[in-house]
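Everything on this sheet refers to the single structure shown next.
Here the structure is a predicted model, which means the values were calculated and not measured.
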Amino acid sequence: MTGPGSAAGTVPSDRAGCLALDAADPLAGLRETFHLPDGVIYLDGNSLGPLPRATAARLAEVIGGEWGQGLVGSWNTAGWIEAPHRVGDKIARLIGAGPGEVVVADSTSVNLYKAVWAAVQWQRAGDPRRDLVLCDRTSFPTDRYLLASACASLGVELRAVAVEDVEHLLDDRVAVLALNHVDYRNGRLHDLPVLTRAAHEAGALAIWDLAHSAGVLPIGLAEAGADIAVGCGYKYLNGGPGAPSFVWAHPRLVDRLDQPLQGWLGHRAPFDFAPEYLAAQGISRFQCGTPPILSLAALECGVDSVLAAEPLGGLAAIRAKSLALTGLFSGLVAGPVARHGLVSITPDAAPERGGQVALRAGGDLDPYAIVQALIARGVVGDFRAPDVLRFGFAPLYLRHVDVWDAVQVLGEVLDTGRWRRHRRAHRSVVT
Ligand SMILES: Cc1ncc(COP(=O)(O)O)c(C=O)c1O
């Protein structure tokens, strides 16, 4: 059965309606490709994706066979040295880039530093008056910290602004616009093509952090003409805790970018062991040191878990289901949210929504305790200080019925006040 429409679309009015949607879901079969613990509804794949079933066997092969037996020869015989590019090529298919344009290296934090430093240097070489970097003031903290440190080392100003104001603030002082594609806290999806165009019209370069969009929605980097992008391997790409990051730079620009961490693997001929640094052609120059082969193997399995959707409609099908799940959650949760004074801070309009829904809990509600009470009942979301409950909806393994059941649990936790038992004087280190 379906009930009244919400801003998010028509939502089923009972559990059977959700089961019917699951029965018609083209991506339903992919759930089996993940290890999901019994009794858990996992709404945190936007923080750490779950374990693909293929990963453990693949890592056993890499450890036992390639490392154990092949030893150092595996750099050549097992494709280790090409792995950053091989996995990069697979990620390229998910972000709208071409083969040879993406490399896996380092962390998102480190890649962002390299990217902004290189972009500002290039801009200032052309016009030294460009001494300003704009970023979103709600960006993930590591972005702010690293942009600030790159700007400080280059002697340029960093200004954190509201994304709504960016188009008015772009002028001939701006060297770089650096934005999060999806806001990590409220889940707002920023308009990458429009903001990239606005940056270019002002002569600025556009750098995007795709941490919360890669693997859950089509991005179309090349089509939008973006300049540089970085992103996470461990969220929707299911690459495992601390999975390495990826970086892309537009082919028209990449060979002009001198990134600051000039390590031997970004060299044109690393095994010449030459005394002078000579940057590699193309995106290879964004590599720095030895690639983490075990983590890369796990990341490749994670990326493959997303690419498995290609024959089933690919990112368009993933995005359609993602919007259906976030819309369903928003519609179902509206009752409990209103009863208990929570507020959804995620945009209702589908084109403005990433893959998550965030609720703000004010008054005497303790959002951390609410999340702990949910986890105790098998519904895993997360808390983002100071007052946000965040729920991610990864379409590869979540069902509509999971959304229904999760909302029932949230309603009970709030209605019964059970969350009060989870109040703690101290929070865990990781929230
Ligand atoms: C938007 C964004 N950028 C960067 C990061 C983290 O980067 P790193 O993998 O370097 O810790 C996160 C982590 O959640 C994030 O949400």
Side-chain angles (χ1 to χ4, degrees), residues 1-53 187 215-217 236 238 305-306 308-309 312-313 317-337 339 342 344 346 348 350 353-359 370-371 373-382 389-416 418:
M1 274 180 67
T2 51
S6 72
T10 305
V11 295
S13 58
D14 56 18
R15 198 171 188 274
C18 291
L19 289 169
L21 290 175
D22 290 327
D25 171 12
L27 302 178
L30 297 179
R31 181 177 165 85
E32 287 309 308
T33 64
F34 292 91
H35 171 80
L36 296 164
D38 289 340
V40 168
I41 299 176
Y42 194 60
L43 305 183
D44 221 356
N46 54 331
S47 190
L48 174 67
L51 174 66
R53 286 193 192 279
V216 76
L217 52 93
Y236 295 107
N238 307 317
S305 76
V306 186
L312 306 168
I318 289 175
R319 174 66 170 158
K321 183 171 172 191
S322 162
L323 287 174
L325 294 175
T326 50
L328 177 61
F329 182 82
S330 298
L332 294 175
V333 91
V337 157
R339 274 201 305 283
L342 291 101
S344 171
T346 299
D348 274 339
R353 216 159 67 220
Q356 68 177 57
V357 177
L359 306 175
I370 296 172
V371 169
L374 290 174
I375 293 171
R377 298 278 313 273
V379 176
V380 180
D382 59 25
L389 292 80
R390 197 176 70 153
F391 303 100
F393 298 88
L396 300 179
Y397 48 85
L398 280 176
R399 301 165 299 197
H400 298 80
V401 75
D402 294 324
V403 175
W404 178 274
D405 291 343
V407 173
Q408 302 312 305
V409 173
L410 177 59
E412 274 168 43
V413 160
L414 292 170
D415 290 344
T416 59
R418 189 171 297 130

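One finds the OG1 atom of T326 at 3.5 Å from the CZ atom of R353 (value rounded to the nearest 0.5 Å). One finds the CG atom of L36 at 9.5 Å from the OH atom of Y42 (value rounded to the nearest 0.5 Å). Note that CZ of F391 and CG of N46 are 10.5 Å apart. Values are rounded to the nearest 0.5 Å. In this structure, the separation between CG on L396 and CD1 on I318 is 5.0 Å, given to the nearest 0.5 Å. For the atom pair OH of Y236 and CG of L48, the computed distance is 12.5 Å after rounding to the nearest 0.5 Å. Expressed to the nearest 0.5 Å, how far CG of L312 lies from CG of L30 amounts to 5.5 Å.
Residues L410 and L374 come closest through the heavy atom pair CA-CD2, 3.7 Å. In terms of heavy atoms, V216 sits closest to P395 at CG2-CD, 3.9 Å. Contact between R418 and E412 at its shortest, heavy atoms only, is NH1-OE1, 4.5 Å. Shortest non-hydrogen contact noted between V371 and G381 is CG1-O, 3.8 Å. In terms of heavy-atom proximity, G327 sits nearest to V11 at O-CG1, 3.9 Å. Of all non-hydrogen atoms in L328 and P12, the two that sit nearest each other are CD1-CD, 3.2 Å.
P52 places none of its side-chain heavy atoms less than 4.5 Å from the side chain of T33. For the pair H400 and L325, the minimum side-chain heavy-atom distance is below 4.5 Å. In this structure the side chain of L342 reaches within 4.5 angstrom of the side chain of L389, judged on heavy atoms. Counting only heavy atoms from C-beta outward, the side chains of N238 and F34 approach each other to under 4.5 Å. Between S344 and V333, every side-chain heavy-atom pair lies at or beyond the 4.5 Å cut-off. Put simply, the side chain of L398 reaches to within 4.5 Å of the side chain of L43, judged on heavy atoms. Looking at L359 and I370, their side chains never come closer than 4.5 Å, going by heavy atoms from C-beta outward. Here the side chains of D415 and P336 are not in contact, with every heavy-atom distance at 4.5 Å or above.
Judged by distance alone, the side chain of S47 and the main-chain N or O of D44 form no donor-acceptor pair under 3.5 Å. Not a single donor-acceptor pair under 3.5 Å links the side chain of R399 to the backbone N or O of L19.
Ion pairing between R31 and D22 fails under the 4.0 Å rule for side-chain N and carboxylate O.
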Could you go through L414 and R339, starting from their C-alpha distance and side-chain angles, then the distance that decides it, and tell me whether this counts as side-chain contact (heavy atoms from CB on, under 4.5 Å)? CA-CA 9 Å; L414 292 170; R339 274 201 305 283; over 6 Å; no
